[in-house]
Structures are given as C-alpha cells and as structure tokens.
Visitor: 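Provided herewith is a single structure, encoded as structure tokens, for subsequent inquiry.
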Amino acid sequence: MRQQCLRKALMLVVLMASLTALHAEDGSRLWLRYPQFGKATIQGKQGKAAQILRQYYPGKSVTLDIDPTMDDNDGYRITEDKDGCYIIAHGDMGLLYGAFALLRGETGADAPFFKYRILNHWDNLDGSIERGYAGKSIFWNDDLTYDAQRLEQYAIANASIGINGTVLNNVNASPKMLSNAYLQKVKEMADIFRPWGIRVYLSVNFASPMALGKLKTADPLDPQVGKWWKTKANEIYQLIPDFGGFLVKANSEGQPGPFDYGRSHADGANMLADALSPHGGLVMWRSFVYGAKHKGEDRVMQAVSEFAELDGEFRPNVILQSKNGPLDFQPREPYAPIFDQMKKTPQMAELQITQEYLGQSKHLVYLAPMWKEFFSFVNPSRLVGIAGVANIGNDTNWCGHHFSQANWYAFGRLAWNPTLSSEQIASEWLSLTFGTSSTPQNGEAEAQSARWPLVKGRLLSVMLRSREACVDYMMPLGLHHIFKFDHHMGPEPDGFKANYPIEWCPVYYHKADSVGLGFDRSSTGTHASAQYRDPYCLLYDDITTCPEEYLLWFHHVPWDYRMSSGLTLWEELQRHYQRGVDEVNDFARVWNEVKPNIDPQRWQEVSERLQQQQRDAREWQQVCISYFSTFQQKKNKK
C-alpha cells in the first residue's frame, strides 16, 4: 500500500517537471510547488484538507473521515484501496496534516511528538526584525497594515509541516503590543491563521502595567498589578478565544522583570499564569538570563544558577523555554545543562532558525544536524514543546537565501517528529523545492527527471556537510562567540570594548595567551562542567576525555597539546580552518555543475551567496589564524 502511494508521488514529480513553464522561479512558493490539477473527487468531511487535495492531489479520489474514537492529538491515518485513498482523524487538523502527508507520498498512521510546535518571531512593531535577514516584518509596520494573502500563505506553509503556533512579536517586547489598536490587529491575524491550525501568542513586556495602566509598579506580588494582568487577559480572550498565551523575557539584557522588586522568576511567571489560567493560556518563561542577579558569574552558568532552586515552584501552565545551548545559538555549543537541572518544571527547547551566528542568510548552512545533535543529549520525551526563532520576512523568497527555507522546513518536521534524520528531511525538501519543477533547458522533461536522483544526491551531500563546514571555518574545536560586535557577522577575535561588560567581548571567550587557547570551565576554572549530569560532568571536566568538538569550550589548552590526530592544538586548529574553506569551495563547485537542472533565477541568487560564503570563509580563516598565531609565536619564543 505504501509503495502505491510512493509511486504516485514519483509520478507527481515527473508531471510537475513536464508542466513547468520556461521561466525563472523566485522561491515565493517555498516547498509548496504543486501543480494545480483540480480534478480529484474529495468525499466526506469538507474543509481546508478537502480544499488542498481538490486543488493539488493528482489521484482520482480521497475520502476524509472523522473518527471521534481516535486520540485528539492532531494525528491521522492514511490508507488506500482500489477505490482511492482515505484519511481518517479525530478532527479537522488531523485531516489537514494528513492531506499534506499524502501530498508528500506518505501513508500509514502518524501524530506529532510535541504538543506545542511554535515559531517565535522577533518582529518589532515598526516592521524591523531583530536578527532578521529576509526583509521587513510580514505582520507589523508603522501604519498597522498587512498583506492578508501573504499571511494566509504563511499559515499554509506552517500547516504543511505541522507548526501550530506563532509568537507575533519580539521577546524584547514593546508595551504597545498590548494596547487595543494592536490587539485588534492580532485578532484579525488570528482569524486568518485559525483555519490552518495556527494559534497566536504574544511576547509581553513585564512593565506593561506601568506603561499602559499608569500603575507605579509592576511588582508581581502587588494585588493591583495582578488585577491589571487579569483584566488584560480577559480583554484578549474576548477578542481571541483561542489565544495561546504569553512569551516572556525578563531580567536579561536590561529587560524589566520580577528582580526589579526583589521577587523571583517564579513570582513573575506565576502572576501571569494566574491571569491566563482561567482561559487555558500558557506562560512561556525564557531562561536566557544574564547580567542581572549573578553578575560576574560565567555567563553559561547563570540560567542554572537562577532557576534550579525554583524547580517545582511554577504553576502548571508555566513552561520554561530554554535555548539549546547555554550561551547564545553558537555554531556549536554543548547542550544547555538547565535541561538536566529542571526535573519538575515543564520545558520547551528554543532553537534559532534564523542564522544569527551562522552566516545570516548569506551562507548555505543546513541546521537540522545541529538540532539532531542537541536531541542526542536531551531526550525529546523530557520536553512538552519546541520553539524556533523564525527566519521569515517579506522578501520574495521569505527567508533571504533559498536554502535557508530548508531550516524553516526542518524545524517543522523535527517539531512533528524529532526522530526523523537530517538526511530524510533534506531529501524531502530538495525534492519539493528543486526537484519537482526545475526548468528544463532543452524541453526534455523526462531526461531531466531521470537526472534528478544524481543531482539531488550531490545537493544532499552539500546540505549535510554544511553545518560542520561552518563550524570549521568560523570557530572549531569549541571556540565560541568571537564574532564582530553586535551584528555577529564575521570574525573579530581581538574584540574588546571597555565601555561594555567583558562577557560581551570576544577576548573574554577565547582567552588566548602565550600558554594556550580556550575557556577553562573545568574544576580548575569556573566549574561550569559540574552543572551537567553524569557522565558528561566528568567527561567534560577532564581534558583527556572531553570531546574535541567541545575542548576549547571547557579547557584552556596548551598550544602544543597533542590531539587525537597526533597534531598539536595549533596544527589541528589550522587544519580545521582549511577544511572549512575547502568545503565551501566544493559547495560552489557542485552548484556550478548542477546548473542545467536548476531554474536560472534561483541558481544565480544561490551562486552569488555561495561566492560571498567563499570570501567570508577565507576571511574567517585568515583573520583567526593570523590573530592566534601572535600568541602561539610567543609560546615558541619562550
């Protein structure tokens, strides 16, 4: 039965290629580049699933059935017989997810692993996007207008990969977000998203009662403050009955929070949770905190220092949302030890889809391998949800770089099923995005279709190697946060600003001197290694057992230290930088060779970015090796 559906999917690929007009593609259709057949008969339950299948399904008949005895978990079951395909689910969303699965050629039963599969948009109300590299916000601008058709396309794309929630504004939130004018717009957006299973959430500023309610305090234990939030929650739910809840960044990087009044994170989160609880709303309280209560402590330790003692003190509708690593979305970090420490508090993992530290939509870096690495340490069963900092803007291709679309896609697929492999997800995305309707150069669609498996295999190799290449040409062997100040694009290992906290400066993180390189977080240093569970606390603490990919994260290593390759640290560092440059050069070579199988506009746009990636990789290599050599030479002079 599965083979019959897969054969239909392969037939769909050939049909799409043969139907393609001879014109460039701009990436606006993402992975949803289905031809509009419009001939399938859809029987049974009508709705968005029927709409999608009627428009795009290449077969003759699909029956959609509701089965109330199935689990109410967005799951579905797809079967097939001689009369057609059948999708069965508990409710409408299961049918819709099943419809998109059928278009991918899947059959059988499936259900999402995580209940909460949410995008976090760092969009500001003026239309700018913090860490956004694909144009302005699709939600906000100064005149409170938006493109409703664009928002529905966004909702459909999310539904196609199982995403079921979106936070519409930046975690560095403006209090204006909760004013009536903006809430009216949130209602309109929620109405657009609801049929596609997308629930809206908002980031809130903890001091909103002072900015909007004219209160003199935002103390979470002040009865007037709690009353203000309850009234505001009632107002929101009158407009949006299925509103999801609040995302909160408090007492970090200068944001207001409960510490301003001598209160704890639990005090602040619970006050908001009590306001939302009658309506079924959530509080997603971020654990990314530094610079408030534990000033001077190793920054990677501060989340555990602030939250571990509060485990079990949060309301049931509070979820602690923690970044995958303990620092800040670096190309490689060890997993965040807060996932080990909080055993009684529901947790969500926060991943960054937008490539703040990985080339910012100028570099081809496929992020699924990084996220799979995280899940190899943090069992997904310990999480109730997964959040992704979105890379979406109003650029025509949505994400700035055509291959950055793969990270949006991969986030959704892993949020649905974290056991999927990086290779499987990349293979799906390549077929849907490039393989289904590449422009034939000679009009022979069948010949091009026959070449596609080889082309896909080469592009798949590029995608699967790209994250490790990025680590190599930026910060190998556990180096971290040596980016140019503030915008985080390009190397600045000598970076130091006397008027900023030292933990914002690259020199603080690499600790290069005449002895060696790296940040000592072992028992002889800050002892951050002790925050990890067994066996990792011991493995990371010992320089002889610490995995080399984390070596300079946990240890200050002598320049002449012998690595597993037999090379010294200095020689190994140079080898990694060269390997990263060589890999990017190979990516450009592969892209040039597949040119006949890619439509001209997208080929050219990706080619230009690969050329920049080559230049940037060489810059990283040259700047870092030149800088670190000055310390290594001092070692030799001794």
Side-chain angles (χ1 to χ4, degrees), residues 24-33 131-135 157 161 331 351-372 388-393 395-414 422-439 452 455-471 473-474 489 580 583-595 597-617:
E25 293 196 46
D26 57 16
S28 61
R29 291 185 290 165
L30 296 163
W31 50 87
L32 302 170
R33 298 157 59 252
R131 311 307 179 189
Y133 313 106
I161 50 177
L351 311 178
Q352 192 179 54
I353 308 169
T354 192
Q355 296 166 230
E356 176 182 354
Y357 294 100
L358 294 101
Q360 301 183 356
S361 289
K362 297 179 177 67
H363 294 192
L364 191 166
V365 184
Y366 174 53
L367 300 181
M370 179 169 71
W371 300 333
K372 291 289 291 183
V389 181
N391 63 342
I392 297 158
D395 277 5
T396 300
N397 69 13
W398 296 87
C399 299
H401 194 309
H402 291 286
F403 275 81
S404 293
Q405 296 176 1
N407 295 326
W408 179 8
Y409 184 88
F411 170 80
R413 296 292 282 133
L414 286 173
S422 300
E423 181 175 2
Q424 180 178 345
I425 295 168
S427 178
E428 283 180 9
W429 179 82
L430 281 168
S431 291
L432 293 168
T433 306
F434 287 106
T436 54
S437 59
S438 297
T439 302
W452 173 244
V455 171
K456 185 173 85 166
R458 301 176 77 182
L459 294 178
L460 185 61
S461 174
V462 166
M463 291 179 69
L464 295 176
R465 291 151 51 200
S466 61
R467 185 272 182 134
E468 201 64 39
C470 179
V471 172
Y473 66 70
M474 285 187 178
M489 183 69 184
E583 283 283 78
V584 177
N585 289 338
D586 191 59
F587 299 165
R589 179 189 61 79
V590 170
W591 190 247
N592 284 330
E593 291 177 355
V594 302
K595 182 177 182 179
N597 291 81
I598 306 295
D599 56 278
Q601 181 175 337
R602 291 191 297 172
W603 184 90
Q604 183 62 37
E605 290 172 356
V606 171
S607 178
E608 290 170 358
R609 282 162 175 75
L610 281 170
Q611 291 172 41
Q612 176 167 353
Q613 190 171 357
Q614 288 177 288
R615 294 191 297 270
D616 291 347

Visitor: Arg615: what forms a salt bridge (Lys or Arg N to Asp or Glu O under 4.0 Å) with it, not counting sequence neighbours?
Guide: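 Per chain and number, Arg615 pairs via salt bridge (Lys or Arg N to Asp or Glu O under 4.0 Å) with no residue.
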Visitor: Taking Arg131's backbone N and O only, do any of them form a donor-acceptor pair with Thr354's side chain (distance below 3.5 Å, no angle check)?
Guide: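 A pair under 3.5 Å: yes.
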Visitor: List the residues meeting salt bridge (Lys or Arg N to Asp or Glu O under 4.0 Å) with Arg413, not counting sequence neighbours, and say none if there are none.
Guide: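 Residues passing salt bridge (Lys or Arg N to Asp or Glu O under 4.0 Å) with Arg413: Glu106, Glu428.
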Visitor: Main chain of Gly393, side chain of Trp398: is a donor-acceptor contact present, judged purely on distance under 3.5 Å?
Guide: no
Visitor: Between the side chain of Trp603 and the main-chain N/O of Trp591, is any donor-acceptor distance below 3.5 Å?
Guide: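 It does hold such a pair.
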Visitor: Report the residues that fulfil salt bridge (Lys or Arg N to Asp or Glu O under 4.0 Å) with Glu605, sequence neighbours left out, ordered by chain and then residue number.
Guide: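 Not a single residue meets the salt bridge (Lys or Arg N to Asp or Glu O under 4.0 Å) criterion with Glu605.
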Visitor: Could you give the distance from CD1 (Ile425) to CG (Leu460), rounded to the nearest 0.5 Å?
Guide: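 Separation between the atoms: 11.5 Å.
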Visitor: Only one of Lys362, Gln360, Arg609, Gln355 forms a side-chain hydrogen bond (donor to acceptor under 3.5 Å, both in side chains) with Ser404, so which one is it?
Guide: Gln355
Visitor: Does any N or O in the side chain of Asn407 come within less than 3.5 Å of the main-chain N or O of Val365, such that one atom is a donor and the other an acceptor?
Guide: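 Looks like yes, one N/O pair under 3.5 Å.
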Visitor: Closest heavy-atom contact between Pro331 and Met474?
Guide: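 It is CG-SD, 4.1 Å.
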Visitor: Do Glu468 and Pro369 come close enough that some side-chain heavy atom pair is under 4.5 Å?
Guide: no
Visitor: Taking only residues two or more places apart in sequence, or in another chain, which ones meet Arg465 in a salt bridge (Lys or Arg N to Asp or Glu O under 4.0 Å)?
Guide: Glu583, Asp586
Visitor: Just jot down the ring pair (Phe, Tyr, Trp, His ring centres under 6.0 Å) partners of Phe587, sequence neighbours excluded, or say none.
Guide: none
Visitor: Please answer whether the main-chain N or O of Ala426 pairs with a side-chain N or O of Tyr366 as donor and acceptor at a distance below 3.5 Å.
Guide: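 The answer is yes, because a donor-acceptor pair under 3.5 Å joins these two groups.
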Visitor: Return the CD1 to CD1 distance between Ile392 and Ile353, rounded to the nearest 0.5 Å.
Guide: 6.5 Å
Visitor: Which atoms form the tightest heavy-atom contact between Gly359 and Met489, and what is the distance?
Guide: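 Between these two residues, the closest heavy atoms are O-CE, 3.8 Å.
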Visitor: Flag the pair Ser431 / Trp452 as yes when at least one side-chain heavy-atom distance between them is below 4.5 Å, and no otherwise.
Guide: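 Answer yes - side chains close enough.
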Visitor: Go through the steps to decide whether Gln612 and Glu608 satisfy the test side chain to side chain donor-acceptor pair (under 3.5 Å), and finish with yes or no.
Guide: CA-CA 7 Å; Gln612 176 167 353; Glu608 290 170 358; over 6 Å; no
Visitor: So, the side chain of Asp395 versus the backbone of Asn397: is there a donor-acceptor pair under 3.5 Å, distance only?
Guide: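 Checked: no pair found.
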Visitor: Can you name the nearest heavy-atom pair linking Asn592 to Ser607, along with the distance?
Guide: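 Closest approach of Asn592 to Ser607: OD1-OG, 4.5 Å.
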Visitor: I'd like to know if the side chain of Gln613 reaches the main chain of Leu364, judged simply by a donor and an acceptor atom lying under 3.5 Å from each other, with no hydrogens or angles considered.
Guide: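 Side chain of Gln613 to backbone of Leu364, a donor-acceptor pair under 3.5 Å: yes, one is there.
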Visitor: Is it true that Ser427 and Glu423 share a donor-acceptor pair across their side chains at a distance under 3.5 Å?
Guide: no
Visitor: Might you point out which heavy atoms bring Ala134 and Gly400 nearest each other, and give the distance in Å?
Guide: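 In terms of heavy atoms, the two residues are closest at CB-N, 3.4 Å.
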Visitor: Once you measure the plane-to-plane angle for Trp429 and Phe434, does it fall in the parallel (<30°), tilted (30-60°) or perpendicular (>60°) bin?
Guide: perpendicular
Visitor: Report yes if the side chains of Lys372 and Leu414 come closer than 4.5 Å at any heavy-atom pair, otherwise no.
Guide: yes
Visitor: Test side-chain contact (heavy atoms from CB on, under 4.5 Å) on Ile161 and Trp408 and set out the steps.
Guide: CA-CA 9 Å; Ile161 50 177; Trp408 179 8; 3.9 Å; yes
Visitor: Can you tell me how far the OH atom of Tyr409 sits from the CG atom of Leu432, to the nearest 0.5 Å?
Guide: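 Separation between the atoms: 5.0 Å.
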Visitor: Quick one: do Asn391 and His401 satisfy side-chain contact (heavy atoms from CB on, under 4.5 Å)? Show the steps, please.
Guide: CA-CA 10 Å; Asn391 63 342; His401 194 309; over 6 Å; no
Visitor: Quickly, which of Arg33, Gln601, His402 forms a side-chain hydrogen bond (donor to acceptor under 3.5 Å, both in side chains) with Glu25? Name it, please.
Guide: Arg33
Visitor: With Tyr473, which residues qualify under ring pair (Phe, Tyr, Trp, His ring centres under 6.0 Å), at least two apart?
Guide: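 Ring pair (Phe, Tyr, Trp, His ring centres under 6.0 Å) check on Tyr473 returns His363.
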Visitor: Return the CG to OG1 distance between Leu32 and Thr433, rounded to the nearest 0.5 Å.
Guide: 8.5 Å
Visitor: Distance from Leu367 atom CG to Gln352 atom CD, nearest 0.5 Å?
Guide: 9.0 Å
